[in-house]
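Note that the structure is predicted; figures quoted are calculated from it, not measured.
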Amino acid sequence: MDSNFTVESLAAGMILAREVNYQPKVPPLGPKQKVPPEPVTIKAETISGADSEILPKCPMVYAVITDSATIGDPNTPDWQPQLHTIRNRISKPALVPLNMANVSLNVECQIGISFVTVQGSWVLHCIKGGLHCDCLLVVPMNPQGTIISLDIEMGRRHYRTVLIEDKGVPNYGKKKFMGANRSEIGMYNPEMFIFKIPQVMAGESLSLKILWFQPMMFLDRNYSVFVPFNFPEYLVPPNKDASTIIQISCTIDIGVHQDLIITQLNHPLKELSRIHGRVMFSSVGADHLYNSDFLASYMVSLCPVLLVQEPSHKLDKRGTFYISICPPDLEPVHMAPRKAFVFLLDRSSSMRNDTMDDACHALISAISRLQPTDCFNIITFDHEVFPFSSTLQNADDHSISLARDWIKEHCKARGGTAILEPLMQAMQMLQNIEGAVSHIFLITDGSVVDERNICQLIQEALKVGPCGPRISTFGIGQFCNHYFLKMLAVIGHGLSDVAFQSGKVKEKMDNWFLAASLPLITNISIVIPDSSQGCEVYPSPIPDLFYGTPLVVSGKFSRDFPHAIKIIGVLTNGNAWEVEVEASKSKHIDLGKVCAKQQLDFLVGQAWLHADEGAKKQAIDLSMNIGISCGLTKLLAFEAAKEKKVAHLQENHQETAIDMRKHAHMAVTVMGGLVTGFGNVKATIDNIPSMHPSNGRTDTMSKMLYCYDWGLCGDCCSSCVNADRYSCPACVLNCLVYSCQMLCVEIACTTCCEICLDCMCYC
């Protein structure tokens with residue numbers, strides 16, 4: 001994450017934007033004349049949560065202003081704004097939002113994956129003509145999304161992206177890594193894609209196009225896609241209605257010839273076409289468009305779906321198949337037998353503060369949902385192991401009450417991280433359980449050195465029989481080895497999930513616990529006639545079908561795919577389950593891209609787990625052919641003059657190492673766009689917290705959020721908040737806006753203190 005992207009810089013830039021955008025273009029005043037600006041009306045929601053108001057809720061481009069003397073109008077040389085909020089020098093960079101000329105959003109929903117394209121133009125309007133400054137592109141997005149491509153045009157300069165193999169990336173140093181730089185500990189925000197555009201000239205127009213894909217959310221038989229697209233008023237050029245410069249289009253394709261039921265579309269889009277299983281919408285010709293986030297949902301059929309596509313890429317001669325099984329309603333779950341659960345909770349020092357509190361609350365909620373016929377145990381671990389009990393306990397009211405008190409007393413962050421011993425203890429506890437569904441839940445925020453050994457030991461232990469315990473994993477933060485956690489869940493027929501921000505831990509853990517604790521169909525296998533030697537299945541083994549979570553299986557085939565396959569499994573009551581599914585072909589869906597993320601994760605995990613060069617090469621080839629990055633490839637941004645093309649780099653996909661001497665005219669930047677990784681053992685050993693705060697601040701930022709004369713507030717409020725204490729965000733934004741705009745110590749401090757009385761913050 002760019003070091004300039006902080007709540008402070010955003011707040012400062014917001015104030016400057018209001019003054020620059022709304023002041024009349026008149027000659028500068030004399031040295032003795034002062035005209036205070038009009039007071040700014042602060043909305044109630046702004047006061048109640050400044051960080052929420054300041055952080056971008058749409059694609060934004062910011063000018064990085066480091067010197068107030070550069071501020072002006074590139075088209076009016078003699079005009080300078082009367083900057084009452086700034087001294088001659090800005091002590092911290094201010095991020096001023098650029099005026100937006102136009103922007104469009106295109107969302108293509110293909111089964112359970114959405115491909116999002118944002119295209120627009122922004123103008124650097126806030127610095128004097130002839131000068132230049134750096135700009136930041138900031139795109140809020142799904143933390144599990146992956147950037148596919150980025151194109152930027154400005155004047156004669158052009159940025160494009162190309163995907164290359166990891167070992168072909170030269171070592172440019174961490175300062176060259178934009179977007180997802182984990183070396184800046186605590187600064188990485190997986191919900192904000194950030195790209196730095198250097199030396200943009202005043203008045204220059206930036207034309208941007210960014211493409212990413214993200215998994216769709218599933219809830220109550222509905223797939224939903226959400227894209228932040230709510231533009232602030234000060235971003236739109238004066239005298240322009242937002243709906244005149246914003247366009248939205250959406251296509252939903254379920255791949256099969258069935259009636260498509262749209263359950264939610266929060267923009268009044270016009271339906272352009274509808275055929276069985278596919279519908280297209282557009283804002284062109286529609287009624288007044290809302291300036292709000294984009295949300296669309298459609299209902300999913302309960303019948304299993306099988307889609308087949310013949311080879312569509314020159315370098316991969318195999319076809320692709322896709323299988324989706326939607327979980328039925330909750331009623332059949334009541335037939336489930338007795339359950340035996342062991343919860344493993346990491347309590348190392350890096351889990352301190354809100355992370356541990358949220359994890360404990362989610363754990364208490366999970367054990368509170370157990371039935372009296374169930375049994376359970378809890379094991380907390382750091383570098384040592386502390387079980388709640390030496391044996392499994394019945395889930396009666398007395399045991400649940402004791403467990404709640406035990407969690408509150410013993411689940412305190414301390415020590416290091418060791419996963420193998422608690423995991424083996426849990427396996428031993430569940431070894432001789434009969435007549436019960438047994439499950440291990442592992443929650444951790446770190447990486448350990450023996451992860452391969454752990455997977456191999458668990459794999460051997462589960463070979464004893466098909467009735468071994470299921471294993472589900474939950475990663476917290478960026479320092480986990482997410483491939484280890486995913487592979488452990490694949491081996492254990494369980495679920496794997498992750499939370500990257502502290503405010504999302506409890507909610508995501510609650511959903512994960514609920515789904516994984518309610519298996520609907522277990523021991524699932526697929527019978528594909530006449531293709532035993534020419535078919536690959538991902539993942540393998542196939543996970544169980546859990547409540548509220550569709551089961552998706554994909555694969556590759558070399559021969560002709562049969563017209564129908566069989567899917568077999570075991571219901572929770574022990575009865576056999578079998579269904580025959582007929583294959584369908586879709587003309588519009590690229591199954592290779594829809595299935596790419598699942599296949600890449602599995603192949604990279606296999607390559608990591610077994611040091612398998614074949615799986616590694618397979619993952620790299622698939623990534624390069626599809627154009628989607630993985631843990632073994634990187635997305636690079638090249639800057640070049642427009643007349644110098646970089647298309648030849650993309651045409652030669654098999655070039656494993658690019659000779660940069662051939663491309664000396666280009667500037668190269670390693671981009672973000674991939675959230676999951678192989679973990680950080682050193683950070684785990686050092687007990688560095690890996691969570692990014694949900695409000696957009698790190699601990700370092702929070703300490704700087706007091707109003708102590710940044711060069712923005714002048715002398716108006718230099719002591720309204722004690723620099724040794726933390727300040728609530730409402731105080732900060734209110735102090736920034738009111739005190740800076742009204743230039744009044746009494747009003748600023750009085751207002752600040754009134755807010756503090758409500759939030760119990762002591763100024």
Side-chain angles (χ1 to χ4, degrees), residues 144 146 148 163-169 180 182 213 313 315-318 320 419-420 446-460 462-463 471 473 475 478-494 496 498 534-543 552-558 592-636 653-658 670 672-681 684:
Q144 297 190 41
T146 299
I148 297 177
L163 193 65
I164 70 169
E165 188 178 344
D166 222 2
K167 67 180 182 181
V169 180
R182 294 182 183 84
F213 77 94
H313 296 278
L315 299 179
D316 191 349
K317 304 300 183 182
R318 300 172 300 169
T320 305
I419 296 176
L420 178 58
S447 300
V448 292
V449 294
D450 57 345
E451 290 166 339
R452 288 188 179 89
N453 183 46
I454 292 172
C455 287
Q456 292 164 0
L457 288 175
I458 296 300
Q459 199 166 26
E460 290 297 322
L462 293 177
K463 285 182 179 179
I471 301 174
T473 59
Q478 58 180 323
F479 297 142
C480 298
N481 183 343
H482 297 282
Y483 290 105
F484 159 64
L485 296 177
K486 287 180 180 179
M487 290 307 297
L488 188 58
V490 167
I491 292 169
H493 294 259
S496 182
V498 60
C535 187
E536 298 175 2
V537 178
Y538 309 100
S540 180
I542 297 173
V552 175
V553 179
S554 62
K556 296 286 186 179
F557 62 90
S558 301
K593 287 191 174 181
V594 170
C595 303
K597 185 67 165 61
Q598 182 186 50
Q599 295 174 3
L600 285 171
D601 282 349
F602 180 75
L603 289 171
V604 173
Q606 287 286 94
W608 166 81
L609 177 59
H610 303 292
D612 186 344
E613 289 297 323
K616 179 179 179 180
K617 183 179 184 305
Q618 199 174 350
I620 292 172
D621 290 344
L622 177 61
S623 175
M624 303 286 280
N625 293 339
I626 298 296
I628 294 176
S629 60
C630 68
L632 301 173
T633 57
K634 287 289 186 296
L635 193 65
L636 267 66
H653 289 306
Q654 294 183 347
E655 185 179 359
T656 57
I658 293 179
V670 181
L674 184 69
V675 171
T676 58
F678 296 101
N680 190 326
V681 176
T684 302

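- Annotation for Ser447 and Asn481: closest pair OG-N, 3.0 Å, computed over non-hydrogen atoms.
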Worked check of side-chain contact (heavy atoms from CB on, under 4.5 Å) between Trp608 and Cys455: CA-CA 11 Å; Trp608 166 81; Cys455 287; 4.3 Å; yes
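- Atoms NZ and CD, from Lys634 and Glu165 in turn, are 11.0 Å apart once rounded to the nearest 0.5 Å.
- Residues Cys480 and Val498 form no side-chain contact, since every pair of their non-hydrogen atoms from C-beta on lies 4.5 Å or further apart.
- Residues Lys593 and Ile626 have side chains in contact (heavy-atom distance under 4.5 Å, counting atoms from C-beta outward).
- In this structure a side-chain-to-backbone donor-acceptor pair under 3.5 Å is missing from His493 to Pro541.
- The minimum heavy-atom distance between Ala607 and Ala615, with the atom names listed, is N-CB, 3.9 Å.
- In this structure, CD1 on Ile628 lies 9.5 Å from NZ on Lys597, to the nearest 0.5 angstrom.
- Note that CD1 of Ile491 is 5.5 Å distant from CG of Leu609, once rounded to the nearest 0.5 Å.
- Among all heavy-atom pairs drawn from Ile148 and Gly627, the shortest one is CG2-O, 3.6 Å.
- For the atom pair CG of Leu488 and CD1 of Ile471, the computed distance is 5.0 Å after rounding to the nearest 0.5 Å.
- Side chains of Phe602 and Lys486 form no contact here, defined as non-hydrogen atoms less than 4.5 Å apart.
- Applying the side chain to side chain contact (heavy atoms under 4.5 Å, CB included) rule to Asn453 yields the partners Leu420, Asp450, Leu457; only residues at least two apart in sequence or on another chain are considered.
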Phe557 vs Val537, side-chain contact (heavy atoms from CB on, under 4.5 Å): CA-CA, chis, key distance, verdict: CA-CA 9 Å; Phe557 62 90; Val537 178; over 6 Å; no
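- In this structure Pro543 satisfies the side chain to side chain contact (heavy atoms under 4.5 Å, CB included) test together with Pro539, Leu551, sequence neighbours excluded.
- Taken to the nearest 0.5 Å, the OH atom of Tyr483 stands 6.0 Å off from the SG atom of Cys630.
- With sequence neighbours excluded, no residue satisfies salt bridge (charged side-chain N to carboxylate O under 4.0 Å, His left out) with Lys616.
- The side chain to side chain donor-acceptor pair (under 3.5 Å) test applied to Thr320 returns Lys556, not counting sequence neighbours.
- With rounding to the nearest 0.5 angstrom, the CD1 atom of Ile454 is 13.5 Å from the CD atom of Gln459.
- Partners of Gln618 according to the side chain to side chain contact (heavy atoms under 4.5 Å, CB included) rule, which considers only residues two or more places apart in sequence or in another chain, are Arg318, Glu536, Tyr538, Leu603.
- Between the side chain of Thr633 and the backbone N or O of Ser623 there is no donor-acceptor pair closer than 3.5 Å.
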